[in-house]
**Student:** 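Before I ask anything, let me first share the structure, which is written out below as structure tokens.
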Amino acid sequence: MLYDSDQMSGMCPYCGSTIVLTAGEMDNSIAPSGIIPFTTTKEQVAQNYYKWNKFALWSPERFRKGKVLGNLVGVYVPFWTFDADTVSTYTGDYGDNVTAGDSTTTKWHTGRGVIDKFVNDMCICGSRRFCSNKMLNSVVMFRPDEILPYTPEALAGFAAEKYTINIDEAWEMAKNSIRGNLESASCQNEHADYYRNVKLSTQYSNIKFRYILFPVWLAACPYNGKIYYVVASGHDNRGNCGRPVSVLKIILLVLIVLGIFATPYILYMIMVLVRLLG
């Protein structure tokens, strides 16, 4: 974790351990070029969380209506963004839907061509701890004009995680994501509905990157011996969280569904018995 000049230690919001960095450890890192400041407070996030929980109908009532939210901790998470010009040659199989009467089939053809595409702000999480965290990445959304120049004072007392995925590794990850966009672009270039077995050869130029810090609120909700995590954007009202599922509610639902479908059969059997006995 990185901290401003007045805060060189702090507590990890996930594991609760104390983290201390020396100035030397910080000096080996690339300094952020931009930051998206916190614009939502922990009070707003807590209020939103309990609103979300009201709609968690499959969670236990004690969790859904109780005060289960742990202490919210504000953290700046590192992200890399990339811009680049690309020129790609491609070949692949492309399918078109063909409708004849009531039936629809897919007609495939081999396509090849060249596509030019500008990649704008391809965003890659710079934290190895969070890069595969779907909950966190689902709340990260921003426009380029919302990024402000970074200054140490911009942290304003918040913790900021140091990137653990360096620029070279992040660029390789970005190229994997870009490839998916280019495959889709080749499908559009072929005016097709589907694509498969696409091979690409891509040249990149005018590559630019930014290292930015994005604000998130993190919390843990302990319930019945388990931990359910909460992640919310510090920039807008997006949020995501884990919740327990009530086994009792699921059983009741199954019984109700079985009862609905079984009722006509039960009535039919009663009518049959009445006729036999009558």
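Atom set for the values below is all heavy atoms of this structure, side chains included, hydrogens, waters and symmetry mates excluded.
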**Student:** Test side chain to side chain contact (heavy atoms under 4.5 Å, CB included) on Val77 and Leu136 and set out the steps.
**Tutor:** CA-CA 10 Å; Val77 178; Leu136 184 140; 4.1 Å; yes

**Student:** Whether the side chain of Trp217 engages the backbone of Thr40 through a donor-acceptor N/O pair (distance < 3.5 Å, no angle test) should be reported.
**Tutor:**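 Side chain of Trp217 to backbone of Thr40: a pair is present.
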
**Student:** Provide the full list of ring-ring contact (aromatic ring centres under 6.0 Å, His included) pairs with a residue in residues 178-203, sequence neighbours left out, each pair given once.
**Tutor:**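 Listed once each, the pairs would be none.
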
**Student:** In the structure I gave you, are the side-chain heavy atoms of Thr81 and Phe142 within less than 4.5 Å of one another anywhere?
**Tutor:**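 Yes, at least one pair of side-chain atoms sits under 4.5 Å.
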
**Student:** Given side chain to side chain contact (heavy atoms under 4.5 Å, CB included), test Leu218 with Val231 step by step and report yes or no.
**Tutor:** CA-CA 5 Å; Leu218 304 174; Val231 179; 3.9 Å; yes

**Student:** Can you confirm whether Cys131 sits close enough to Ile165 that some side-chain heavy atom of one is under 4.5 Å from a side-chain heavy atom of the other?
**Tutor:**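 Touching, per the 4.5 Å side-chain cut-off.
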
**Student:** Start with the C-alpha distance between Asn48 and Asn237, add both sets of side-chain angles, then the distance that settles side chain to side chain contact (heavy atoms under 4.5 Å, CB included), and finish with yes or no.
**Tutor:** CA-CA 8 Å; Asn48 287 337; Asn237 289 321; 3.4 Å; yes

**Student:** Could you measure the distance from the CG atom of Asn97 to the OG1 atom of Thr105? Nearest 0.5 Å is fine.
**Tutor:**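 These two atoms lie 8.0 Å from each other.
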
**Student:** Test side chain to side chain contact (heavy atoms under 4.5 Å, CB included) on Val216 and Ser233 and set out the steps.
**Tutor:** CA-CA 5 Å; Val216 296; Ser233 170; 5.8 Å; no

**Student:** Holding to side chain to side chain donor-acceptor pair (under 3.5 Å), I want the full list of residues that pass it with Lys175, two or more places apart in sequence or in another chain.
**Tutor:**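 Checked Lys175 against side chain to side chain donor-acceptor pair (under 3.5 Å); matches are Glu172.
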
**Student:** Can you list the residues that meet the side chain to side chain donor-acceptor pair (under 3.5 Å) rule with Asn166, with sequence neighbours excluded?
**Tutor:**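 Asn166 satisfies side chain to side chain donor-acceptor pair (under 3.5 Å) with no residue once adjacent residues are dropped.
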
**Student:** Can you tell me which residue pairs pass the ring-ring contact (aromatic ring centres under 6.0 Å, His included) test with a partner in residues 102-127, sequence neighbours excluded?
**Tutor:**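 The answer is none; no pair qualifies.
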
**Student:** By the salt bridge (Lys or Arg N to Asp or Glu O under 4.0 Å) test, which pairs, at least two apart or in different chains, include something from residues 207-234?
**Tutor:**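 The answer is Asp121-Arg210.
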
**Student:** If the plane angle is over 60° it's perpendicular, under 30° parallel, otherwise tilted; pick one for Phe209 and Phe82.
**Tutor:**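 If you compare the ring of Phe209 with that of Phe82, the planes turn out tilted.
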
**Student:** For residues 81-99, which residue pairs pass the salt bridge (Lys or Arg N to Asp or Glu O under 4.0 Å) check, not counting sequence neighbours?
**Tutor:**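 Passing the test, one end in residues 81-99: Asp93-Arg196.
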
**Student:** Tell me every residue that passes salt bridge (Lys or Arg N to Asp or Glu O under 4.0 Å) with Asp193, counting only those two or more places apart in sequence or in another chain.
**Tutor:**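 If we apply the salt bridge (Lys or Arg N to Asp or Glu O under 4.0 Å) test to Asp193, skipping adjacent residues, there are no hits.
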
**Student:** Hey, does Phe214 have a side-chain heavy atom less than 4.5 Å from the side chain of Tyr76?
**Tutor:**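 Sidechains of Phe214 and Tyr76: no contact.
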
**Student:** According to the salt bridge (Lys or Arg N to Asp or Glu O under 4.0 Å) rule, which pairs have a member within residues 100-111, sequence neighbours left out?
**Tutor:**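 Not a single pair qualifies under salt bridge (Lys or Arg N to Asp or Glu O under 4.0 Å).
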
**Student:** Quick one: side chain to side chain donor-acceptor pair (under 3.5 Å) partners of Ser184, sequence neighbours excluded?
**Tutor:**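 Residues passing side chain to side chain donor-acceptor pair (under 3.5 Å) with Ser184: none at all.
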
**Student:** So, do Tyr150 and Leu155 sit near enough that their side-chain heavy atoms are less than 4.5 Å apart?
**Tutor:**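 Yes, side chains in contact.
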
**Student:** Could you point out which residue of Arg112, Glu190, Lys199 forms a side chain to side chain donor-acceptor pair (under 3.5 Å) with Tyr90?
**Tutor:**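 Considering Arg112, Glu190, Lys199, a side chain to side chain donor-acceptor pair (under 3.5 Å) with Tyr90 is found only for Glu190.
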
**Student:** Just how far is it from atom CE of Met141 to atom CD1 of Ile36, taken to the nearest 0.5 Å?
**Tutor:**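 So the CE of Met141 and the CD1 of Ile36 are separated by 11.5 Å.
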
**Student:** With hydrophobic residues grouped by side-chain heavy-atom distances under 4.5 Å, do Val119 and Val87 end up in a single group?
**Tutor:**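 Shared cluster, no.
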
**Student:** Rounded to the nearest 0.5 Å, how far apart are OH of Tyr94 and OG1 of Thr106?
**Tutor:**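 Going from the OH atom of Tyr94 to the OG1 atom of Thr106 covers 15.5 Å.
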
**Student:** Please tell me if the side chains of Leu182 and Thr202 come closer than 4.5 Å, counting only heavy atoms from C-beta onward.
**Tutor:**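 Yes; the side chains approach each other to less than 4.5 Å.
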
**Student:** I want to check something: taking the side chain as every heavy atom from C-beta on, are Pro215 and Phe158 in contact at a cut-off of under 4.5 Å?
**Tutor:**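 Side chain of Pro215 against side chain of Phe158, heavy atoms only: no contact under 4.5 Å found.
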
**Student:** By salt bridge (Lys or Arg N to Asp or Glu O under 4.0 Å), which residues pair with Arg238, not counting sequence neighbours?
**Tutor:**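 Expected list: Asp236.
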
**Student:** Between Glu169 and Tyr163, do the side chains contain a donor N or O and an acceptor N or O under 3.5 Å apart?
**Tutor:**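 Not at all, the side chains of Tyr163 and Glu169 share no donor-acceptor pair under 3.5 Å.
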
**Student:** Could you tell me whether a side-chain N or O of Thr86 sits under 3.5 Å from a main-chain N or O of Tyr204, the two making a donor and an acceptor?
**Tutor:**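 Pair absent, no side-chain N/O of Thr86 close to backbone of Tyr204.
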
**Student:** May I ask you to say whether Glu161 pairs ionically with Arg128, meaning some side-chain N is under 4.0 Å from a carboxylate O?
**Tutor:**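 Salt bridge absent between Glu161 and Arg128.
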
**Student:** Please enumerate all residues that pass salt bridge (Lys or Arg N to Asp or Glu O under 4.0 Å) together with Glu183, with sequence neighbours excluded.
**Tutor:**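 Here the qualifying residues are Arg179.
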
**Student:** For Thr164 and Ser127, which I'm curious about, is there any donor-acceptor pair between the side chains at under 3.5 Å?
**Tutor:**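 Note: Thr164 and Ser127 side chains miss the donor-acceptor criterion.
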
**Student:** For residues 136-145, pull every pair meeting side-chain hydrogen bond (donor to acceptor under 3.5 Å, both in side chains), keeping only residues two or more places apart or in separate chains.
**Tutor:**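 As it turns out, the side-chain hydrogen bond (donor to acceptor under 3.5 Å, both in side chains) pairs with a partner in residues 136-145, which skip direct neighbours, are Ser138-Asn240, Arg143-Asp145, Arg143-Glu146.
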
**Student:** Does the side chain of Ile167 reach to within under 4.5 Å of the side chain of Trp80, using non-hydrogen atoms?
**Tutor:**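 Side-chain contact under 4.5 Å: yes.
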
**Student:** Is there a side-chain contact between Phe130 and Cys125 (heavy atoms, below 4.5 Å)?
**Tutor:**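 Counting from C-beta outward, Phe130 and Cys125 do come under 4.5 Å.
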
